[in-house]
Amino acid sequence: MKAEELQSQLELDLVLLAETGLGGPQLIQVYGEIPAEVNPEALFGQRNPLHQSLQSGQILLINNISETEDWNESPLLNALETKAFVALPITTQTGREAAVLGISQNELAPFTEEDDQLFELISRQVGSAINNLRLLTDTGQRLREVNILLDFSQQLGGLEPKRILQILIESAFEVLPSINAGVVALWDPNSDSLQPQAAKGFSDEEAILRVEYSASETITGHVYSQGKSQRLDEVDFSRNFNLVLDNLLNYRDATGGRLP
């Protein structure tokens, strides 16, 4: 059920959506007309049922806030002229992710036990819908990756090693569309280093092919020597790309001075 449908079917004046974020709960959407002088985001941090439902996982059904001591002094509810409200948490397989607050500016009929069961069902169905959508998205991504792998495999027959490596990096760009540049290197036991063989996305690809990565002093070498993939959220260039002067100059020329 969409927020607009919830608003229409329950004859609510406003519907507010919040989600958990890295910096804590965040108000992400408001459906309905709010007074021009009211800023819901500024009031969201103060005590309110949307915030509580998101944090506690409680379903809150209040048909008349004037009869409750808990909510008749809430700044957010008062600013939105709330007389009654419904707050629903949204829980998925990864935990409690969002909450919905439906506001009525008129008193509602008392909620019944059947109403409690209905809203609990709505909360579960929304969580299940999110899970199913993510499953479909993940499945589609996996199928796309399998197709790329099959396409890569079909291109290998009869190709020279250098061309195979170039197809490898082109396929990597399809799997990881957010990357800007990449290089494929092979181990050279004579120089005890990784030697780039194919590259893509560099301003000077000939320069990046002249960069050598030692096994002990670069992140590329560590990945090779340890045999384990790594993902760095932040790169310390001087530590992760500890290159000798000639390699450093080639790297600068290849990237136009930009750091990863």
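- The side-chain heavy atoms of I28 and L16, taken from C-beta on, include no pair separated by under 4.5 Å.
- Counting heavy atoms from C-beta outward, T82 and S104 have side chains that stay 4.5 Å or more apart.
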- Message: Apply side-chain contact (heavy atoms from CB on, under 4.5 Å) to residues Y213 and Y224 and explain how you reach the verdict.
- Response: CA-CA 10 Å; Y213 301 92; Y224 170 78; over 6 Å; no
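- One finds a salt bridge joining R124 and E120 here, because a Lys/Arg side-chain nitrogen approaches an Asp/Glu carboxylate oxygen to under 4.0 Å.
- Considering only heavy atoms from C-beta on, Q46 comes within 4.5 Å of P75 through its side chain.
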- Message: side-chain contact (heavy atoms from CB on, under 4.5 Å) for Q52 and R47? Distances and angles first, verdict last.
- Response: CA-CA 8 Å; Q52 178 165 321; R47 188 171 183 273; 3.8 Å; yes
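- With hydrogens and angles ignored, the 3.5 Å screen pairs no side-chain donor or acceptor of Q197 with any backbone N or O of L165.
- Taking all atoms of both residues into account, the shortest heavy-atom contact from Q230 to H222 is NE2-CB, 4.3 Å.
- With rounding to the nearest 0.5 angstrom, the CD1 atom of I167 is 4.0 Å from the CZ atom of R163.
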- Item | Verdict with reasoning, T218 to T220, per side chain to side chain donor-acceptor pair (under 3.5 Å) | CA-CA 5 Å; T218 64; T220 312; 4.6 Å; no
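- In plain terms, the two heavy atoms of G32 and L14 that are nearest each other are C-CD2, 3.5 Å.
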- Determine, step by step, whether S214 and E212 satisfy the side chain to side chain donor-acceptor pair (under 3.5 Å) criterion, reporting the C-alpha distance in whole Å, the side-chain angles of both residues, the deciding distance to 0.1 Å, and the verdict. CA-CA 6 Å; S214 71; E212 297 182 356; over 6 Å; no
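- Checked by atom type, the side-chain pair S66/N64 shows a donor-acceptor distance below 3.5 Å.
- A donor atom on one side chain and an acceptor atom on the other are not found under 3.5 Å apart for Q55 and S53.
- Here the straight-line distance linking atom OG of S171 with atom CD of Q166 works out to 10.0 Å at 0.5 Å rounding.
- In the hydrophobic cluster analysis, where Ile, Leu, Val, Met, Phe, Trp and Tyr join through side-chain heavy atoms closer than 4.5 angstrom, V184 is grouped together with I179.
- The CZ atom of F111 sits 8.5 Å away from atom CG of D116, with the distance rounded to the nearest 0.5 Å.
- Distance check, rounded to the nearest 0.5 Å: CG of L101 to CG of L76 gives 7.0 Å.
- Every pair passing side chain to side chain donor-acceptor pair (under 3.5 Å) that includes a residue from residues 236-246 is listed here, sequence neighbours excluded: D236-S238.
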- Query: Can you list the steps and then say if L50 with F85 is a side-chain contact (heavy atoms from CB on, under 4.5 Å)?
  - Reply: CA-CA 10 Å; L50 180 60; F85 68 81; over 6 Å; no
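- The shortest non-hydrogen separation linking S225 to A215 is OG-O, 3.8 Å.
- The residue from L17, V100, L12 that alone fulfils the side chain to side chain contact (heavy atoms under 4.5 Å, CB included) condition with Y31 is L17.
- Scanning all heavy atoms of the two residues, the minimum distance from P89 to I59 falls at CD-CG1, 3.6 Å.
- Remark: S123 OG to Q125 CD distance equals 10.0 Å, nearest 0.5 Å.
- The backbone N or O of Q58 sits less than 3.5 Å from a side-chain atom of S56, completing a donor-acceptor pair.
- With hydrogens and angles ignored, the 3.5 Å screen pairs no side-chain donor or acceptor of N250 with any backbone N or O of N247.
- Open room surrounds CD on Q93; 12 or fewer heavy atoms of other groups in view lie less than 6.0 Å from it.
- Counting only distance, with no hydrogens or angles, the side chain of N63 and the backbone of L108 share a donor-acceptor pair below 3.5 Å.
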- Task: Test L259 against V235 for side-chain contact (heavy atoms from CB on, under 4.5 Å), laying out the working first.
- Result: CA-CA 9 Å; L259 301 180; V235 174; over 6 Å; no
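- One hydrophobic cluster, built from ILVMFWY side chains closer than 4.5 Å, cannot hold both V244 and W187; they sit in different ones.
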- When you look at T92 and E97, which way does the side chain to side chain donor-acceptor pair (under 3.5 Å) test go after all the steps? CA-CA 7 Å; T92 67; E97 294 192 21; 2.5 Å; yes
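- Minimum interatomic distance between L54 and A18 (heavy atoms only, all atoms of both residues): CD2-CB, 4.3 Å.
- For F237 and Y251, the distance between ring centers is under 6.0 angstrom.
- When the side chains of ILVMFWY residues are joined at heavy-atom separations under 4.5 Å, either directly or via intervening members, I169 and I164 end up in a single hydrophobic cluster.
- Nearest heavy atom pair, residue T20 against residue R96, reads CG2-O, 3.6 Å.
- The hydrophobic clustering, which links ILVMFWY residues whose side-chain heavy atoms are closer than 4.5 Å, places I90 and L135 apart.
- Residue D253 holds its CG atom at 7.0 Å from CG of L249, rounded to the nearest 0.5 Å.
- Of the residues N48, I65, L43, the one that meets the side chain to side chain contact (heavy atoms under 4.5 Å, CB included) test with S74 is N48.
- Residues P40 and V38 are in side-chain contact: their nearest non-hydrogen atoms beyond the backbone lie under 4.5 Å apart.
- Clustering ILVMFWY residues whenever any of their side-chain heavy atoms sit less than 4.5 angstrom apart, transitively, puts V183 in a cluster other than the one holding L186.
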